[in-house]
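Only this structure's heavy atoms are used, side chains among them; waters, hydrogens and symmetry mates stay out.
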Amino acid sequence: MDEKYSPKAIESKWQKIWETTKLFKVKEDPDKEKYYLLEMFPYPSGKIHMGHVRNYTIGDVVARYKRMRGFNVLHPMGWDAFGMPAENAAIANNSHPAKWTYENIDTMRSQLKSMGFSYDWDRELATCTPEYYRWEQWLFLKMYEKGMTYRKESFVNWCETCQTVLANEQVEAGMCWRCGKQVRQKKLSQWFFRISDYAEDLLIHCDKLPGWPEKVVTMQKHWIGKSFGAEIHFPIENSDEKITVFTTRQDTVFGATFMCLAPEHPLVLTLSKGTEQEAEVSAFVDRMALQDRSVRAVESYEKEGVFTGAYCINPLTRRKMPIYTANFALMEYGTGAVMSVPAHDQRDFDFAKKYGLDIIIVVKPSDKELDPAAMTEAYTDQGVMVNSGQFDGMDNKKALDEIAAYLDENNLGKKTVNFRLRDWGISRQRYWGAPIPMIHCKECGIVPVPEEDLPIVLPEDANLLEGGKSPLPTLDYFTKTTCPKCGSPDARRETDTMDTFVESSWYYERYCSPHYHDGIFDKAAVDYWMPVDQYIGGVEHAILHLLYSRYYTRVLNDLGLVKYKEPFTRLLTQGMVCKETLSCPEHGFLYPYEAKGSGENRQCTKCGKPVVVGRVEKMSKSKNNVIDPKTLLEKYGADTTRLFCLFAAPPERDLEWSEQGVEGGHRFLNRVWRLVSDWTELTKDAVLFNGNPDELEGDIRDLYKKIHETIKKVTSDIEDRFHFNTAISAVMELVNAMYDADQQKNTPHAPRVMKFAMESVALLLSPMVPHFADELWNILGHSGSVLLESWPSYREDALVKDELVIVVQVNGKLRGRFTANADTDDDALKEKALANEQVQKFINGKPIKKTIVVKKKLVNIVV
RNA sequence: GCCUGGGUGGUGGAAUAGGUAGACACAAGGGACUUAAAAUCCCUUGAUCCUUAGUGGUCGUGCGAGUUCGAUUCUCGCCCCAGGCACCA
């Protein structure tokens, strides 16, 4: 055995062996229990970052552990390969998104391989390949047949200069991120998935996801946003039309004194037409259309609006209510119209005060009167109904039901529920995505592409246009087609591509049979592997990706393609990888090498000013606080990098980067290496001891017991809690104990027990540091990978403590301790406790009121 | 504002069922080895008090109360930090 631990040689050696022996390849095996472990697949952005390293290390530990526990483990990896960054990079480098993407995939694949992750690489997939997205298109057609997808007009961020649609994050303070010009809201016809049909089902099942973090479940519930209320119809004066509002406060309908419509509401322009308000209203609507959504969401956003010139009638009071259009009314929620009750809603109150509108109290607290003129804020608490006709005197909570019933009986409205969740707009006016398989025919309208014509291949020879505009609409050979229904040559292909969240909503099913040609997936394979037993990824996907995936699974279920409704049985959201930021008042964020000196007195290398040590924040290129895993791999190797990620914090918490911490991890591996190196000669011919502890004595007996305790501890830490940090610290304790056993080298059983200890360490560490463990395993006289071994088990008889330390308390305060045999009875313990000198001092002759004995732990004497 | 986490030594963290607070590691200090350094190994390390230096006293898990023989752990009220949602009618 080499004196020195050299990770580079060991890691490349084992990675080669794993690859050539196809160690990680799996197939369905009905005789074995399956375990599907999935980590969120990466976007191929260039190279892997610490977030990936952490995510995939956690997953790999579980995958390897489960495999050693005898499960048939599916552990795949692939690429979420469509998306905008590829287009941006292509424009920046005058290249092509496909070239950029595939090059990145090659780089990142080799980086992941150098981390030693146990992926079945034969299942690798990239969502940008026609083999993948053809099934996405196929599914789109199935959904279209069932009416699960539809087309409607909706607003997008549009940059006139660049002639392109912008994602929300590409809009900076209302301006285009690339050209800096004003972004406006443009109405476009787009494709939608009817996710809102599943709102109720998605919500109900939120409570049937016990393996999910509560945080994620509540975020989803909140996003779905079910609220109970009523729809109420308000007839428009001098018209047959009516405005329908959604409200959760139908108890306050008697206090509704005006109406607010969202600026985008179709009635706004119709109602003001021909009135003297027309010019003002249309100016306001135009101004709102130009306003960026993020500006509108700011807390201090001033409520404003314009009178439309029209009135509607309160159906219960017959009161004439002016109709306004107001910036705080949202077209996307409810019906886009709000019945305004200034007395009992803060926004309506602010608005009424600003424009001098009437305030009528309809709910009052039981103990005092309210005066509309004197109020400084709306009264939103519960109370007693007033000014509400036959409902006066009623508790307002009761009135909620009563008024809803009344509205229903008189056809003035009805009780209803409303969801915040809106249908999923999947159209992207982008190039680098899966084409939507539809055809627009002048004669027949929208016609689906016939199944046998799939895939509609994204032309990869297209070049991106100035400003990121999609070239698809300009490519005649792509767009020109004949109508499959009427045969007209005057048909045009849909040029929108699908949202990339669609690809990530079913990739885990495709992994089950990634090369299957006869369908979206091999049903038998999916039936065997799915659902995913453990999913691991960043909390940033807590809402959209996970909700879309849950929705898509329901679609597959309704289409009879899968048997389950929920794709992920257990979910772990790992914390972020963070590091302190360094900045200079003049030069902004600094790289660590731009700060000279140490500790408190660092200076900027550019200007000499003192460096400000900022908060510990998520690693981000813009903050110059990233660590490239590549440098870690070169300096310490994959095993140390993995070990640090696991040891520094439990997985769900944020991990703070620490160079010293990495070194500590490296030191530990060296320490184990030296220990094994010291003992190999002595233990070479020894017969491993794994018997009853009673055959041993003294320190060796203690060490032997410690091994079994460690096996138990590590097993439960991984199995029950995923707390790898404490699992590692348990092994560290064992290694420390093994060093202490050095003096025992010459005792008869020492080499035999030590051999057992070393093998246990190799087995227990193997999920975390697999190359290191495999090398040790072979040094210890075995062959092949530890992954093929069974996870070690512990002997119950080795866990029995010979002697227990019993703590003695007086009035709950620790006063002494003594050792006792495990089978000492309560009375004897009591006696021994009282005999303690220190204890006697604190009892000090006072009468003993009570004595509490907790078996095997403590005696508490109450005086 | 609402929701979800979290607050423990100089630092990351541990304490899994209310029962020895601070495991394990980092950092720091001291020592050994060495011509020297690195590496390694050993010791000390929450604060504080003491004519008894101990198997010692007191305080100590964000703050204040409560339940209990006993609370980092449970209950109530508050403060602070992080993340998410947010004009949702």
Side-chain angles (χ1 to χ4, degrees), chain A residues 4 213-219 221-223 225 227 229 245-249 252 260 296-299 301-303 326-330 332-341 344-348 350-351 418-420 539-540 542-543 575-576 578 615-618 644 647-650 652-665 667-668 670-671 674 713 716-717 720-721 723 725-733 735-736 739 742 805-818 836-838 841-842 849-852 854-863:
Chain A
K4 225 176 137 326
E214 195 190 306
K215 173 165 92 161
V216 175
V217 174
T218 24
M219 277 162 82
K221 280 186 189 169
H222 191 91
W223 192 261
S227 52
V245 304
F246 170 75
T247 181
T248 54
R249 290 296 305 272
T252 63
C260 284
R296 246 174 108 165
V298 169
E299 204 168 330
Y301 191 63
E302 169 95 19
K303 281 159 199 48
N327 60 354
F328 67 85
L330 305 172
E332 309 89 66
Y333 187 77
T335 61
V338 183
M339 69 164 208
S340 291
V341 186
H344 305 293
D345 181 282
Q346 192 56 40
R347 290 156 303 172
D348 298 345
D350 294 344
F351 197 85
N418 189 56
F419 291 94
R420 206 185 83 108
V539 73
E540 64 272 21
I543 298 174
M576 300 180 295
C578 300
R615 292 195 315 163
V616 174
E617 289 188 73
K618 180 181 179 176
F644 171 72
F647 183 63
E652 67 280 1
R653 256 206 255 182
D654 285 352
L655 182 150
E656 191 185 331
W657 171 260
S658 150
E659 181 79 23
Q660 287 98 333
V662 181
E663 264 165 18
R667 206 150 40 213
F668 170 67
N670 271 300
R671 210 167 132 79
R674 269 196 312 277
K713 166 87 177 143
S716 74
D717 279 350
D720 309 334
R721 309 197 302 163
H723 276 205
N725 55 334
T726 50
I728 292 166
S729 73
V731 181
M732 284 174 166
E733 278 188 60
V735 170
N736 289 344
Y739 265 91
D742 220 38
V805 176
I806 304 292
V807 169
V808 188
Q809 296 181 335
V810 179
N811 288 342
K813 284 196 173 181
L814 175 69
R815 295 303 178 196
R817 51 175 70 95
F818 62 88
N836 187 296
E837 200 181 310
Q838 193 65 24
K841 210 167 101 192
F842 278 90
K849 277 195 208 156
K850 197 171 169 188
T851 309
I852 292 123
V854 180
K855 57 178 175 358
K856 295 179 185 180
K857 274 198 176 133
L858 96 174
V859 180
N860 187 13
I861 298 156
V862 187
V863 296

* To do: Apply the test side-chain contact (heavy atoms from CB on, under 4.5 Å) to residues Thr726(A) and Lys713(A): give CA-CA distance (whole Å), side-chain angles for both, the deciding distance (0.1 Å), then the verdict.
  => CA-CA 9 Å; Thr726(A) 50; Lys713(A) 166 87 177 143; 4.1 Å; yes
From C-beta outward on [X], which listed nucleotide comes closest to its side chain: [options]?
X	options	answer
Glu733(A)	A23(B), U20(B), A89(B)	A23(B)
Ser716(A)	A86(B), G19(B), U16(B)	U16(B)
Leu330(A)	C69(B), C24(B), C88(B)	C88(B)
Leu814(A)	C85(B), A21(B), C24(B)	A21(B)
Phe842(A)	A89(B), U20(B), U58(B)	U58(B)
Thr247(A)	A89(B), U20(B), U40(B)	A89(B)

If I pick the [atom1] atom on [M] and the same atom on [N], what distance separates them, to the nearest angstrom?
N	M	atom1	answer
G10(B)	C74(B)	C1'	32 Å
U55(B)	G64(B)	C1'	36 Å
U45(B)	G31(B)	C1'	15 Å
C50(B)	A17(B)	P	42 Å
G84(B)	G9(B)	P	27 Å
C78(B)	G7(B)	C1'	14 Å
A82(B)	A71(B)	C1'	26 Å
U68(B)	G18(B)	C1'	9 Å

Using a cutoff of under 3.5 Å, can you pull out all pairs of nitrogen or oxygen atoms linking the protein to nucleotides 13-15 of chain B, with atom names and distances?
residue: G13(B); atom: O3'; partner: Asn725(A); partner atom: ND2; Å: 3.4
residue: A14(B); atom: OP1; partner: Asn725(A); partner atom: ND2; Å: 3.2
residue: A14(B); atom: OP2; partner: Arg653(A); partner atom: NH2; Å: 2.8
residue: A15(B); atom: OP1; partner: Arg721(A); partner atom: NH1; Å: 3.0
residue: A15(B); atom: OP1; partner: Arg721(A); partner atom: NH2; Å: 2.8

* **Donor-acceptor pair present, Glu214(A) side chain and G5(B) base, under 3.5 Å** => no
* To do: Give a yes or no answer on whether the side chain of Asn725(A) reaches the backbone of Ala649(A) with a donor-acceptor pair at less than 3.5 Å.
  => no
* Asked: Taking the side chain from Asn811(A) and the backbone from Val863(A), do they hold a donor-acceptor pair closer than 3.5 Å?
  -> yes
* Under-4.0 Å side-chain N/O to phosphate OP1/OP2 contact, Arg347(A) with G1(B) -> no
* To do: Find the distance between NZ (Lys855(A)) and CD1 (Ile806(A)) and round it off to the nearest 0.5 Å.
  => 11.5 Å
Using whole Å, what does the distance between atom [atom2] of nucleotide [N] and atom [atom1] of [X] come to?
X	N	atom1	atom2	value
Arg667(A)	A25(B)	CZ	C1'	9 Å
Gln346(A)	C88(B)	CD	P	11 Å
Lys813(A)	G56(B)	NZ	P	15 Å
Ile806(A)	U20(B)	CD1	P	12 Å
Asn736(A)	U40(B)	CG	P	14 Å
His222(A)	G84(B)	NE2	P	13 Å
Met219(A)	C2(B)	CE	P	18 Å
Lys4(A)	A39(B)	NZ	P	12 Å

If I compare all heavy atoms of [X] with all of [Y], which pair ends up nearest, and what's the gap?
X	Y	value
Asn736(A)	Arg671(A)	OD1-NH2, 2.6 Å
Arg249(A)	His344(A)	NH1-O, 4.3 Å
Gly661(A)	Phe644(A)	C-CD1, 3.6 Å
Val216(A)	Ala542(A)	CG1-O, 3.6 Å
Lys303(A)	Phe328(A)	CG-CD2, 3.7 Å
Val808(A)	Ile861(A)	CG1-CD1, 4.2 Å

* Asked: What's the verdict on side-chain contact (heavy atoms from CB on, under 4.5 Å) for Thr851(A) and Asn860(A), showing C-alpha distance, side-chain angles and the deciding distance?
  -> CA-CA 6 Å; Thr851(A) 309; Asn860(A) 187 13; over 6 Å; no
* Structure fact -> In RNA chain B, stems of three or more consecutive pairs, Watson-Crick or G-U, each with both distances under 3.5 Å, turn out to be B:1-7 with B:79-85, B:10-12 with B:24-26, B:28-32 with B:40-44, B:46-49 with B:56-59, B:62-66 with B:74-78
* Asked: Closer to the 5' end of RNA chain B via nearest nucleotide, is it Lys850(A) or Thr218(A)?
  -> Thr218(A)
Just checking [X]: base, sugar-phosphate only, or nothing, at a heavy-atom cut-off of under 4.0 Å?
X	answer
Ser658(A)	nothing
Gly664(A)	sugar-phosphate
Val338(A)	base

* To do: Check whether NZ of the Lys or CZ of the Arg Arg420(A) lies under 6.0 Å from the centre of the six-membered ring of Tyr333(A) and within 45 degrees of that ring's axis.
  => no
* Asked: Using the purine O4'-C1'-N9-C4 or pyrimidine O4'-C1'-N1-C2 torsion, is G70(B) syn (within 90° of 0) or anti?
  -> anti
Show the distances under 3.5 angstrom between N or O atoms of the protein and N or O atoms of nucleotides 50-55 of chain B.
none

* To do: Applying side-chain contact (heavy atoms from CB on, under 4.5 Å), run through Ser340(A) and Phe351(A) and close with a yes or a no.
  => CA-CA 9 Å; Ser340(A) 291; Phe351(A) 197 85; 5.9 Å; no
* Does a donor on one side chain and an acceptor on the other come within less than 3.5 Å for Ser227(A) and Asn418(A)? -> no
